[in-house]
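These notes are about the structure you will find just below.
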Amino acid sequence: MSKNSAAQKVKNQPIRVLFVCLGNICRSPTAHALFQAYVNQQGYGDCIVVDSAGTGSWHTGHPPDERAQRVALEQGYDMSGLRSRTVSPDDFENFDYILGMDKENFKHLAMMKPAAYRGVLGLFLTESGIHHTVEVPDPFYGDQQHFEQAIELIQHGVAGLFNRIKGDGLISKA
Ligand code: 4NP
């Protein structure tokens, strides 16, 4: 039995997770790629749908920033197939977890959130159980070090987020 077929969904529907930053070319695609890889590695690839989006639309259709791609590739994550898109009101109908990478992203999402939304809207690191820091700082105007810092923080969060989602009881291993 493959790892994936051993994973079973409660409610028979995949759990949907959306990472959101400003441009959807640095932080949220990195979280998208690393979380997707972790979910696949844990054998839950067919139980959890992962996506990312930006609150701004300047980079719609663009691949991730070359600097973000480079630091991700150095750690074995190929983000070249991802394309930026803007967060939309429909996302609140389609995603169970909507996670902002910083407080500004979160504020933007909180203003968009329909009153009827029953999913989890929060900050990625906080919802992942990381307590020493709240935000993944925007590396776009920074240098290599800022991109490395961002991927390191994201790397810290992914296992915690996976365990959090499992702990919420919506997915379980057969
Ligand atoms: P991200 O970084 O939100 O992590 O994708 C940024 C990308 C682009 C811009 C700002 C932040 N921008 O101003 O174009």
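Throughout, residue positions are numbered sequentially from 1 according to the sequence presented. In what follows, every heavy atom counts, from backbone to side chain, and hydrogens, waters and symmetry copies are set aside.
The side-chain heavy atoms of Thr55 and Thr86, taken from C-beta on, include no pair separated by under 4.5 Å. No side-chain heavy atom of Asp91 sits less than 4.5 Å from a side-chain heavy atom of Met112. Using a 4.5 Å heavy-atom cutoff, the side chains of Tyr44 and Ile165 are not in contact. Contact of the Gln42 side chain with the Phe162 side chain is registered, since non-hydrogen atoms from C-beta on lie closer than 4.5 Å. In this structure the side chain of Lys113 never reaches within 4.5 angstrom of the side chain of Leu109, judged on heavy atoms. Counting heavy atoms from C-beta on, the side chains of Phe147 and Arg70 never come closer than 4.5 Å.
Both Ile154 and Tyr77 are assigned to one and the same hydrophobic cluster, defined by single-linkage of ILVMFWY side chains at heavy-atom distances under 4.5 Å. Side-chain heavy atoms closer than 4.5 Å link hydrophobic residues (I, L, V, M, F, W, Y) into clusters, and following such links, even through other members, never connects Phe19 to Val49. One hydrophobic cluster holds both Ile151 and Leu153 under the rule that ILVMFWY side chains link at heavy-atom gaps under 4.5 Å. Val136 and Leu82 are not part of a single hydrophobic cluster, where members link through side-chain heavy atoms under 4.5 Å apart. No continuous path of ILVMFWY side-chain contacts below 4.5 Å connects Val134 to Leu99, so the two sit in separate hydrophobic clusters.
A side-chain donor-acceptor contact under 3.5 Å links Asp143 and His146. Under the 3.5 Å distance criterion, with hydrogens and angles disregarded, a donor-acceptor pair is assigned to the side chains of Asn24 and Ser52.
In this structure, Glu148 CD and Gln155 CD are separated by 13.0 Å, a value rounded to the nearest 0.5 Å. Put simply, CE on Met101 and CG on Leu22 are 12.5 Å apart, with the number rounded to the nearest 0.5 Å. Atom OH in Tyr38 sits 10.5 Å away from atom CG in Leu161 (nearest 0.5 Å). Between atom OG of residue Ser28 and atom CZ of residue Phe35 there is a gap of 14.0 Å, rounded to the nearest 0.5 Å. For the atom pair CZ of Arg27 and CZ of Phe124, the computed distance is 12.0 Å after rounding to the nearest 0.5 Å. For the atom pair CD1 of Ile130 and CD of Glu135, the computed distance is 14.5 Å after rounding to the nearest 0.5 Å.
Smallest separation of non-hydrogen atoms from Pro29 and Cys21: CD-SG, 4.4 Å. Closest approach of Ala150 to Pro137, counting heavy atoms only: CB-O, 4.5 Å.
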What do the steps show when you test Leu34 against Gln75 for side-chain contact (heavy atoms from CB on, under 4.5 Å), and what is the final call?
-> CA-CA 10 Å; Leu34 269 60; Gln75 297 195 28; 5.5 Å; no
Give the intermediate values and the outcome of side-chain contact (heavy atoms from CB on, under 4.5 Å) for residues Trp58 and Ile25.
-> CA-CA 10 Å; Trp58 313 285; Ile25 56 168; over 6 Å; no
Verdict with reasoning, Arg164 to Ser128, per side-chain contact (heavy atoms from CB on, under 4.5 Å) | CA-CA 6 Å; Arg164 154 71 195 277; Ser128 303; over 6 Å; no
So Leu125 and His156, side-chain contact (heavy atoms from CB on, under 4.5 Å) or not? Walk me through it.
-> CA-CA 8 Å; Leu125 291 176; His156 273 110; 5.6 Å; no
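Partners of Lys107 under the side-chain contact (heavy atoms from CB on, under 4.5 Å) rule, at least two apart in sequence or in another chain, are Glu104.
Using modelled atom types, one side-chain atom of Asn105 and one backbone atom of Asp102 make a donor-acceptor pair closer than 3.5 Å. Not a single donor-acceptor pair under 3.5 Å links the side chain of Gln69 to the backbone N or O of Met79. Checked by atom type and distance alone, the side chain of Asp96 pairs as donor or acceptor with a backbone atom of Arg16 at under 3.5 Å.
Cation-pi geometry between Arg67 and Phe140 is met: under 6.0 angstrom from the ring centre, within 45 degrees of the axis.
Under the side chain to side chain contact (heavy atoms under 4.5 Å, CB included) rule, Phe95 has a single partner from Val50, Leu18, Ile15, Val120, which is Leu18.
Within a 6.0 Å sphere centred on CD of Glu74, other residues, nucleotides and ligands contribute more than 12 heavy atoms.
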